[in-house]
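Notes for the one structure printed next.
Quick note: numbers below take in every heavy atom, side chains included, and nothing from hydrogens, waters or symmetry partners. Counting from 1, the numbers follow the sequence of the chain as shown.
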Amino acid sequence: MTAGDRDRAAPGGGTLLDELVDATPPSRERVVDFLRAASIGVVVLWHWTLSITHRTADGALTMPNPIPDVPGGWAATWVLQVMPVFFLVGGYANLAGWQAVVRGGGGARRFVAARLRRLVLPVVPLLAGWAVVDLLMQAGGQPSVLQWGMAVFAPLWFLGVYVGVVAAVPWTAPLHARWGWRVPAVLAVAALAADALRLGLGWGGLPVGLVGSASVWLACHQLGYFWRDGTLPVGGRRRAAAVTAAGFAALVLLTALGPYPRSMVSVQGDPIGNMFPTTAAVVALAVFQLGLALLARPWLASWLQRRRVWRAVVAANAAAMPVFVWHMTALVVFIWLYEWAGFELASEATPAWWLARPLWVAGPGLVLALLLAGTARLRRGRRGSGHHATST
């Protein structure tokens with residue numbers, strides 16, 4: 001759904017967005033939709049404002065973060081590293097989608113095809129557009145984007161992992177129904193084993209790291225199934241508090257006694273990072289964040305009953321995929337404009353850098369709005385897909 005689609009008048013005199021809001025069933029888990037939109041928003045704002053984006057000596061863009069410069073900054077990453085949240089709510093939504101397909105007499109092919117269309121199609125215009133830009137730049141004697149701008153495409157690794165996890169749902173959903181908690185437990189043990197081989201014994205390198213990464217993200221996604229099937233919500237605040245405490249304790253133990261860094265985002269200069277290859281510490285982070293979400297759920301559910309709030313969440317989810325796909329391009333375009341105007345990118349988190357953070361929300365935000373408006377025609381015909389991507 002595009003901004004134009006949302007605002008276009010519907011036959012009844014309202015907008016299509018209002019129709020979606022009015023059609024929300026009472027049983028819908030609105031908190032899942034909110035967390036999905038919020039997690040995408042945090043990722044975008046982190047890349048725009050909490051990355052010290054600058055050029056290396058050879059002109060390539062690099063994006064270290066200021067965590068080492070902020071006392072205790074690592075603690076913020078236990079909340080702001082929101083990729084586990086996206087996989088958790090994805091688990092909820094994908095189990096709901098799988099159940100709906102099965103009730104309708106469908107199977108794996110129908111489910112996977114529908115989900116992959118929503119995930120892959122928005123990336124096609126991005127890659128096509130950058131292919132054209134790259135050809136034009138090279139024809140003009142400029143270096144390829146693959147030499148200076150891989151940061152543009154770096155966030156897409158997460159989308160590729162998520163596609164793999166979604167494609168596995170026809171197998172992981174039945175495993176959940178049969179084996180329950182044993183499934184994420186086995187995946188967590190697999191992640192720990194991969195870390196022991198790679199980090200402890202120095203054996204296996206990247207291949208073992210990728211096995212561990214797959215185990216981690218499958219485990220995070222699998223945890224969302226327990227929200228969907230009611231296992232976690234039925235336990236109320238006591239169960240939510242227990243989940244939170246278990247995740248927090250595991251994080252403390254792993255980062256204090258194990259080889260894992262305390263920061264849940266990669267820090268320049270650290271020999272080990274938790275995100276790629278993804279370590280077992282991220283499973284503990286997912287459990288911790290799941291507990292926090294469940295603790296906040298009653299309040300969030302009440303707040304999301306307000307029409308204005310829920311309307312904003314529906315609109316945000318409708319734009320979530322285009323925003324995620326294009327936000328790094330918006331940043332690069334703004335960097336070009338910034339440098340063209342004679343300014344220089346800062347390479348350190350100085351006081352001036354911190355004071356300039358609002359500019360790095362407004363500038364890329366305006367460029368992103370223009371990019372989304374320009375690509376709106378390509379997104380028409382998939383009306384409502386963003387909202388229903390987390391259908392319950």
Side-chain angles (χ1 to χ4, degrees), residues 31-32 34-52 63-92 155 158 161 184 187-188 191-192 195 199 212-213 215-224 226-227 232 237 239-297 299-300 349 357:
V31 177
V32 168
F34 169 77
L35 291 175
R36 176 179 184 263
S39 62
I40 293 295
V42 170
V43 169
V44 171
L45 290 176
W46 182 284
H47 288 155
W48 286 356
T49 65
L50 290 179
S51 295
I52 311 174
M63 299 178 68
N65 59 65
I67 295 299
D69 303 318
V70 180
W74 58 267
T77 69
W78 289 20
V79 176
L80 295 179
Q81 174 49 277
V82 291
M83 285 297 95
V85 174
F86 191 91
F87 277 78
L88 289 167
V89 298
Y92 181 107
F158 139 79
V161 173
L187 290 167
L192 282 168
D195 289 348
L199 303 178
S213 298
S215 301
V216 168
W217 295 117
L218 284 167
C220 294
H221 188 263
Q222 204 79 10
L223 290 173
F226 295 93
W227 190 340
L232 292 173
R237 292 187 63 83
R239 184 165 295 177
V243 172
T244 307
F248 182 77
L251 272 174
V252 171
L253 288 173
L254 288 172
T255 56
L257 303 179
Y260 307 102
R262 291 181 298 180
S263 174
M264 293 297 123
V265 299
S266 298
V267 174
Q268 194 172 42
D270 278 3
I272 298 172
N274 284 311
M275 288 310 294
F276 187 81
T278 317
T279 70
V282 174
V283 178
L285 178 66
V287 174
F288 175 57
Q289 292 181 338
L290 174 60
L292 292 179
L294 292 170
L295 284 172
R297 179 174 173 262
W299 178 83
L300 286 173
R357 293 309 85 200

So do Leu285 and Leu254 actually touch side chain to side chain, heavy atoms under 4.5 Å? no
Do the side chains of Tyr92 and Val31 get nearer than 4.5 Å, heavy atoms only? no
For residues 256-269, which side-chain N or O atoms pair as donor and acceptor with protein atoms under 3.5 Å away, sequence neighbours left out?
unit_1, atom_1, unit_2, atom_2, d
Tyr260, OH, Asp195, OD2, 2.8
Ser263, OG, Val265, N, 3.2
Ser263, OG, Val265, O, 2.8

Give the minimum heavy-atom separation between Ser39 and Val82, together with the two atoms involved. O-CG2, 3.4 Å
In terms of relative ring orientation, are Phe288 and Trp78 parallel, tilted or perpendicular, with 30° and 60° separating the classes? perpendicular
Val287 pairs by side chain to side chain contact (heavy atoms under 4.5 Å, CB included) with which of Leu251, Leu88, Val282, Leu223? Leu223
CE of Met63 to CG of Leu50: how many Å apart, nearest 0.5 Å? 10.0 Å
Heavy-atom closest pair, residues Met83 and Gln81: N-OE1, 3.3 Å
To the nearest 0.5 Å, how far apart are CZ in Phe226 and CG in Leu290? 10.0 Å
Can you tell me if CZ on Phe248 sees more than 12 non-hydrogen neighbours from other groups inside 6.0 Å? no
Given side chains that start at C-beta, do those of Asn65 and Thr77 come closer than 4.5 Å, heavy atoms only? no
Checking Arg36 side chain against Gly90 main chain: does a donor-acceptor pair fall under 3.5 Å? no
For the residue pair Val216 and Cys220, establish whether any side-chain heavy-atom pair is separated by less than 4.5 Å. yes
Between Trp227 and Val32, is any pair of side-chain heavy atoms under 4.5 Å apart? yes
Pairs touching residues 271-293 that satisfy side chain to side chain donor-acceptor pair (under 3.5 Å), sequence neighbours left out: Trp217-Thr278, Asn274-Thr279
Drop me the distance from His221's NE2 to Leu218's CG, to the nearest 0.5 angstrom. 8.5 Å
All heavy atoms of Leu187 vs all of Ser215, minimum pair found to be O-CB, 3.5 Å
For the atom pair CD1 (Ile40) and CZ (Phe86), what is the distance rounded to the nearest 0.5 Å? 4.5 Å
Separation between CG (Leu45) and CZ (Arg357), nearest 0.5 Å, reads 12.0 Å
Euclidean distance, Phe87 CZ relative to Phe158 CZ, rounded to 0.5 Å: 5.5 Å
